[in-house]
Amino acid sequence: MDKTFFNGLGAFETSFSMIKLAENNEKENIFLNAGRGNPNWINTQARLAFNRLIEFGIKDSKRTIDMAEMAGYTTKKGIAQRFEAFLEPDEDETDNFLMLMLDYLRFDLEYAADDVIKELVDGAIGNNYPEPSRVLPYTELIINKYLESTLYDGEKLSEKTKVFPTEGGTAAIVYIFNSLKRNHLIQPGDKIAINTPIFTPYLQIPELSEFDLVEVYIDSDPSDKWNIRVDQLDKLADPDIKAFFIVNPSNPASTAFSDEALAAVKKAVESNPDLMIITDDVYGTFVEDFRSIYAVLPYNTLLVYSYSKLFGATGWRLGLIAVNDINVFDKRISELPQDMLQRLRNRYKIVTGDPSDLPFIERLVADSRSVGLYHTAGLSTPQQIMEALFSLSHLVHRYDIDPYFLATVELIDQRYQDLHKALKFPGDDSRENAKYYSLINIYELAEKKFGKDFRRYFSTSFPHNDFLKNLAEKNGVVLMDGSGFGSREGNLRISQANLPTEDYYLIGKQIIGLMKDYYEEYQEKMASK
Ligand SMILES: *Cc1c(COP(=O)(O)O)cnc(C)c1O
């Protein structure tokens, strides 16, 4: 095969080029793209609730102006009561949820009902600039409760955490790199640690490569079920390491930090107390009793979260950055040399009277709109309200199991089991395995099915992407190349999120089938020698 086929392309771009091959596959199999992480499910309840908020909001807006297709604005006084009267909880499941939500906001959180309903309704309608810029006030409180309930494993941090909702986790990542750079928190030549394999953007972001950063890899590998290697976490104790970038549970390996790994990071930070940790916990809810590194080291950690995967909301672009009120980012800024601080005061002087004390999270907001447009920097209010509603759809269950969470976990588990059954590979049912993705090593598979000699032939006779390309071209199955994520060659990522459940057994069979084709070719070659 053409060795240059994949050269220089990122894992996601390679995947696009293979989709074309797979659609016209030689065996005329159905085309199966298990490369992407985009889920094939959606959360219905919060979406229907969003609709109802708009319907109510328009009705309420007509109380002030009602001409042609024009209405006025909602009125705050008595809005919660009018909303309650509008709902028909006995007739409609969505209205029932909205009643539960109202009770939760009023009685559990003790929020002023008119204030919070006004924020939700106006936000959904989208008739005002996002104000304050960073986040709407009740939306922040609600998101904080959600993060606490899902990611902190019992640590009470919701009242000590600030949130900046962003255009997906994607924007969160971009903003973080940009502001770390703008504020001199990461400088050329600095050492940063990354847990690999990792979601490709963390390896590819030009902000980083421009900097000639020295990357220190902290690996996980299949010999330990893709758990992060605890012995390697000692590396973080070196104060020369400025930052540690983590995806937890990881992507592509889909494995959460174990309690031992969390303890090892905590211990390393005792020797490197100013370590900046950036953790991306997008897959946290797929692990039972998940514990974010933010819950273990709140002072050191910036948290990235996204609603995309769990709620099937990639098109909405709903993500966020969260940071503790007292944090190492602010401390490091305060300790910069005077000339840098002076330049930063100039940079941010239009944002606040005293830019010296401007917290890092507000700098993120300002930088996201090139400072000059700080006053209109916030995420669109309908997006913010959608984040609040997704959060509330979970929070109304209080301490009970959330049936939606359970359904997503059961669905991907089924697909994971089917795939492994077809491959006759033992699965990993440990708590840390989020099962959102599987990484299958084709060399191990070759050895397991057809022995060591075949493995040697197979791994030395073909470029590592040959199998991946043939799987698309001949069998019609698209997977993603794990080596693009910094994992070893030969690891293929299969997403359990984006195909109908019955396809996962088929994918396993196609992988085995192609391996057999290679084996037959090998046997023929051996025979003709
Ligand atoms: C999918 C994914 C994201 C992207 O999230 P969006 O909210 O869709 O932009 C971020 N981080 C990781 C690790 C992901 O897998």
Side-chain angles (χ1 to χ4, degrees), residues 134-135 140-141 143-164 166 172-173 175-177 179-187 190-195 216 218 228 230 233-248 256-281 284 290-305 320-336 341 344 356-365 367:
R134 179 166 55 77
V135 59
E140 177 173 40
L141 294 168
I143 291 173
N144 261 322
K145 288 288 176 196
Y146 171 79
L147 295 174
E148 181 174 279
S149 163
T150 54
L151 304 181
Y152 305 164
D153 192 27
E155 292 298 323
K156 297 284 175 226
L157 291 165
S158 62
E159 280 159 31
K160 301 172 194 152
T161 303
K162 296 262 186 300
V163 175
F164 173 28
T166 56
I173 294 165
Y175 296 162
I176 288 169
F177 281 121
S179 287
L180 287 173
K181 179 177 169 178
R182 295 279 178 189
N183 287 280
H184 311 289
L185 297 182
I186 289 186
Q187 304 194 45
D190 275 354
K191 265 193 196 168
I192 59 158
I194 300 180
N195 78 314
V216 176
I218 296 185
I228 192 148
V230 174
L233 288 164
D234 295 349
K235 292 180 189 171
L236 298 173
D238 174 2
D240 281 350
I241 296 190
K242 296 292 189 319
F244 181 31
F245 292 93
I246 313 166
V247 174
N248 181 31
F257 274 48
S258 62
D259 291 340
E260 297 77 59
L262 291 172
V265 179
K266 189 166 178 178
K267 182 154 181 293
V269 166
E270 284 169 17
S271 310
N272 186 8
D274 286 348
L275 181 69
M276 296 178 283
I277 301 174
I278 291 87
T279 188
D280 177 339
D281 293 2
F290 176 75
R291 192 174 179 80
S292 171
I293 208 143
Y294 177 66
V296 179
L297 291 161
Y299 173 77
N300 298 82
T301 305
L302 268 186
L303 170 67
V304 173
Y305 183 70
L320 58 88
I321 302 168
V323 64
N324 203 256
D325 289 341
I326 303 167
N327 65 74
V328 71
F329 303 89
D330 292 341
K331 175 182 185 255
R332 277 188 179 258
I333 289 172
S334 73
E335 290 172 357
L336 289 171
L341 281 175
L344 286 173
S356 310
D357 291 337
L358 189 67
F360 184 60
I361 187 109
E362 293 298 339
R363 294 174 193 237
L364 279 161
V365 179
D367 292 334

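It should be emphasised that the depicted structure is a prediction, and the values quoted were computed from it without experimental measurement.
Ion pair K162/E140 not flagged as a salt bridge, since none of the NZ, NE, NH1 or NH2 atoms sits closer than 4.0 Å to an Asp/Glu carboxylate oxygen. Using a 4.0 Å cut-off between charged side-chain N and carboxylate O, R332 and D274 make no salt bridge.
Atom CD of E335 and atom CG of L341 lie 10.0 Å apart (nearest 0.5 Å). Atom-to-atom distance recorded for H184:NE2 and I333:CD1 is 9.5 Å, nearest 0.5 angstrom. Once rounded to the nearest 0.5 Å, the distance linking OH of Y152 with CG of L147 reads 4.5 Å. Rounding to the nearest 0.5 Å places CD1 of I218 at 6.5 Å from CD1 of I241. In this structure, the separation between CD1 on I326 and NZ on K331 is 13.0 Å, given to the nearest 0.5 Å. Distance check: L364 CG to T166 OG1 gives 10.0 Å after rounding to the nearest 0.5 Å.
Nearest heavy atoms, P273 versus V328: O-CG2, 4.4 Å. P239 and S271 get closest at one heavy-atom pair: CG-O, 3.9 Å. Nearest heavy atom pair, residue V230 against residue A264, reads CG1-CB, 3.7 Å. Between R363 and S179, the closest heavy-atom pair is O-OG, 3.8 Å. Nearest heavy-atom pair across E159 and D325 is O-OD2, 3.9 Å. Taking every heavy atom of both residues into account, A256 and N248 meet most closely at CA-OD1, 3.2 Å.
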**Request:** Give the C-alpha distance, both sets of side-chain angles, the deciding distance and a yes or no for side-chain contact (heavy atoms from CB on, under 4.5 Å) between D238 and N272.
**Result:** CA-CA 6 Å; D238 174 2; N272 186 8; 5.8 Å; no

**Message:** Using the rule given for side-chain contact (heavy atoms from CB on, under 4.5 Å), can you reason through N183 versus L344, listing the C-alpha separation, both sets of side-chain angles and the distance that settles it, and then say yes or no?
**Reply:** CA-CA 7 Å; N183 287 280; L344 286 173; 3.6 Å; yes

**Message:** Show, in sequence, the C-alpha distance, side-chain angles and deciding distance for L236 and I277, and conclude whether the side-chain contact (heavy atoms from CB on, under 4.5 Å) test is met.
**Reply:** CA-CA 10 Å; L236 298 173; I277 301 174; over 6 Å; no

**Message:** If you apply the rule side-chain contact (heavy atoms from CB on, under 4.5 Å), what do you find for K242 with Q187, and how did you get there?
**Reply:** CA-CA 9 Å; K242 296 292 189 319; Q187 304 194 45; over 6 Å; no

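The closest side-chain donor-acceptor pair between N327 and N324, if any, does not fall under 3.5 angstrom.
Considering Y294, F360, F245 as possible partners of L302, the one that fulfils the side-chain contact (heavy atoms from CB on, under 4.5 Å) test is F360.
Between F244 and F257, the ring planes are tilted. Angles from 30° to 60° get that label.
Looking at L151 and F290, their side chains come closer than 4.5 Å, going by heavy atoms from C-beta outward. Counting heavy atoms from C-beta on, the side chains of L297 and K266 come closer than 4.5 Å.
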